[in-house]
Amino acid sequence: MANKLIEDLQWRGLLYQQTDAEGMEKLLNEEKVSLYVGVDPTADSMHIGHIVPLLTLRRFQQAGHRPILLVGGATGMIGDPSGRSEERNLLTEEQIARNVAGLKSQMERIFEFGEDGNGAQLVNNFDWVGKMSVIDFLRDYGKLINVNYMLAKDTIASRLDTGISFTEFSYTLIQGLDFNHLYDHYDVRIQVGGSDQWGNITTGLEVIRKTHDDNAKAFGITIPLVTKADGTKFGKTAGGAVWLDAEKTTPYEFYQFWINSADADVVKYLKIFTFLSREEIEALEVSVQEEPHLRKAQKALAEEMTRLIHGDEALETAKRITDALFSGDLKALSASEMKNAFKDVPSTELPKEDKNIVDVLVEANISSSKRQAREDVTNGAISINGEKITDLDYVVDSKDRLEDEFAIIRRGKKKYHMVKFNSIQQ
């Protein structure tokens with residue numbers, strides 16, 4: 001069984017580094033194993049770059065193993081120096097607690113939780129690190145790891161020129177303490193993490209080795225950094241990171257991110273992010289090569305990811321918005337769907353008053369002049385909320401103000417503009 005799991009992870013490109021690959025495969029063949037991934041609550045939501053280790057851990061759960069999800073209530077207050085050129089801002093306990101709650105709700109979308117069998121469990125390292133005194137930490141763990149050993153870690157060595165505080169310097173040892181605690185109390189034998197976590201994972205293995213007898217067996221796996229074929233950073237858009245929180249990145253925007261994947265990237269993303277079978281993905285790969293205009297792979301990727309993170313109802317909304325924008329038929333959308341779909345288009349604020357369409361077009365800078373505005377209307381180039389306007393005497397009034405706040409005006413086939421209406425000041 002382990003052979004099939006490891007083979008699938010390799011095919012999906014999810015194995016980067018392993019400690020004692022042969023020993024780990026033997027363990028996975030012989031036992032139902034507990035594995036863990038740690039996530040520090042530095043924000044109240046994860047973005048898509050965070051979830052690759054979690055999705056990988058979910059694959060182990062599907063194979064019968066037990067995921068332990070560690071939220072770093074303690075380490076999140078310190079800051080991981082991995083991938084950083086400067087110190088993180090320290091968060092308060094209240095901020096950490098709020099962030100932990102946000103991450104927990106997102107993890108519940110990915111994993112099957114439960115106390116029995118291989119149900120996922122959520123733990124918080126503040127529960128054990130927070131109770132430890134400085135003396136206990138230095139005596140019981142500080143003595144285990146040589147400073148030279150820590151200085152050799154890439155994440156620490158890379159910061160020596162710019163400077164690193166003792167607080168962040170101690171991070172790798174505290175994460176090692178976590179692995180040791182989970183080994184003792186949850187029978188965790190494997191830690192899974194991104195490629196930047198290799199140094200922290202091996203520190204944990206060193207702590208376990210020095211606090212247990214020779215029969216102690218623990219392992220580490222890292223996952224490659226996800227990159228795009230053109231060399232640009234994965235998971236970023238013009239608007240910033242792609243978040244799992246629907247308030248930060250709407251399900252429609254989330255769906256659009258995946259459906260706009262390049263042909264050169266989409267099969268790779270299907271392997272890494274979805275739970276589609278090898279046969280399904282290989283069939284989609286053929287479609288990319290032979291009928292790329294149909295974009296079947298992109299649609300499958302967008303549907304799988306949106307359903308996983310936001311659910312079926314949000315997926316259907318995202319698809320409805322997408323279809324409406326493609327066809328130009330905005331009448332199928334609700335006011336809230338329209339607001340989500342067009343929140344990033346150019347916008348203009350106008351007084352909330354009845355006004356001739358030509359004046360609205362000029363004042364909102366949609367048409368360059370009154371002459372151009374009249375031509376746009378008479379040529380059928382203007383629509384409001386999906387309704388074509390061809391009457392030069394048309395008055396934009398309350399019937400056009402969605403939620404009494406805004407209207408979407410389209411000029412031509414693709415130029416959209418949001419007009420936001422403000423109450424007239426007395």
Side-chain angles (χ1 to χ4, degrees), residues 5-25 28 35-40 42-43 46-60 67-72 75-76 78-86 88 110 149-160 164 168-169 171-176 178-179 182 188-208 218-236 241-242 244 265 267-274:
L5 173 61
I6 298 299
E7 181 184 326
D8 183 64
L9 294 176
Q10 289 172 332
W11 175 77
R12 291 177 183 273
L14 290 170
L15 293 182
Y16 182 57
Q17 295 161 299
Q18 301 175 68
T19 62
D20 186 8
E22 185 177 331
M24 183 180 65
E25 191 166 328
L28 291 168
L35 312 88
Y36 98 95
V37 164
V39 179
D40 280 342
T42 51
M46 292 182 283
H47 55 68
I48 57 174
H50 289 132
I51 64 173
V52 181
L54 295 174
L55 295 174
T56 304
L57 200 63
R58 171 64 174 150
R59 300 182 198 282
F60 279 92
I68 304 295
L69 307 168
L70 184 150
V71 178
T75 40
I78 292 170
D80 184 356
S82 302
R84 304 281 297 188
S85 60
E86 57 187 19
R88 294 179 186 271
I110 298 172
Y149 173 90
M150 296 176 71
L151 290 174
K153 300 292 183 184
D154 289 341
T155 54
I156 293 175
S158 64
R159 287 281 296 278
L160 294 180
I164 183 170
E168 287 197 0
F169 181 76
Y171 182 95
T172 187
L173 181 54
I174 296 177
Q175 194 178 119
D178 286 342
F179 198 171
L182 296 178
V188 168
R189 311 293 288 281
I190 301 172
Q191 181 178 355
V192 180
S195 57
D196 62 338
Q197 294 299 307
W198 180 250
N200 294 328
I201 291 172
T202 53
T203 298
L205 296 174
E206 185 71 2
V207 171
I208 291 170
F219 306 89
I221 303 173
T222 63
I223 298 156
L225 178 69
V226 180
T227 56
K228 295 170 72 172
D230 63 6
T232 57
K233 192 169 184 178
F234 167 78
K236 294 284 188 179
V242 180
L244 306 194
D265 294 316
V267 174
K268 175 181 178 179
Y269 295 167
L270 284 165
K271 291 178 179 180
I272 292 172
F273 291 96
T274 78

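These figures come from a predicted structure and were not determined experimentally.
Scanning for salt bridge (Lys or Arg N to Asp or Glu O under 4.0 Å) contacts around Asp8 gives Arg12, with sequence neighbours left out. In this structure, the ring pair (Phe, Tyr, Trp, His ring centres under 6.0 Å) partners of Phe234, at least two apart in sequence or on a different chain, are Phe257, Tyr269, Phe273. Scored by the side-chain contact (heavy atoms from CB on, under 4.5 Å) test, Glu22 finds Asp20 as partners (sequence neighbours excluded). Under the salt bridge (Lys or Arg N to Asp or Glu O under 4.0 Å) criterion, Arg189 pairs with Glu31, not counting sequence neighbours. The side chain to side chain donor-acceptor pair (under 3.5 Å) search around Ser195 returns none, not counting sequence neighbours. The side-chain contact (heavy atoms from CB on, under 4.5 Å) check on Ala21 picks up Gln18, with sequence neighbours excluded.
Of the options Ile190, Val37, Ile221, Val52, a side chain to side chain contact (heavy atoms under 4.5 Å, CB included) to Leu57 is made by Val37 and by none of the others. A side chain to side chain donor-acceptor pair (under 3.5 Å) with Gln197 is found for exactly one of Gln175, Gln191, Gln17, namely Gln175.
For the pair Phe179/Thr203, no side-chain contact is recorded, criterion being any heavy-atom separation below 4.5 Å from C-beta on. Counting heavy atoms from C-beta outward, Tyr36 and Leu182 have side chains that approach closer than 4.5 Å. Inter-residue side-chain proximity for Leu14 and Lys271 is flagged as unmet; no heavy-atom pair is nearer than 4.5 Å. At least one side-chain heavy atom of Leu9 sits less than 4.5 Å from a side-chain heavy atom of Thr56. Using a 4.5 Å cut-off on side-chain heavy atoms (C-beta onward), Ile6 and Leu28 make contact. Residues His47 and Leu244 have side chains not in contact (no heavy-atom distance under 4.5 Å, counting atoms from C-beta outward).
In terms of heavy atoms, Ile272 sits closest to Leu55 at O-CD1, 4.4 Å. When every heavy atom of Pro53 is checked against every heavy atom of Gly194, the shortest pair comes out as CG-N, 4.0 Å.
Listed for the Thr19 side chain is no donor-acceptor partner under 3.5 Å among the backbone atoms of Phe219. The backbone N or O of Val226 sits nowhere less than 3.5 Å from a side-chain atom of Lys268 that would complete a donor-acceptor pair. Remark: the backbone N or O of Ala229 is paired with a side-chain donor or acceptor of Asp265 at under 3.5 angstrom.
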Show, in sequence, the C-alpha distance, side-chain angles and deciding distance for Leu173 and Val207, and conclude whether the side chain to side chain contact (heavy atoms under 4.5 Å, CB included) test is met.
CA-CA 8 Å; Leu173 181 54; Val207 171; 4.2 Å; yes
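One finds the OH atom of Tyr16 at 7.0 Å from the OG1 atom of Thr222 (value rounded to the nearest 0.5 Å). Separation of atoms CG (Leu54) and CD1 (Ile110) is listed at 5.0 Å; rounding is to 0.5 Å.
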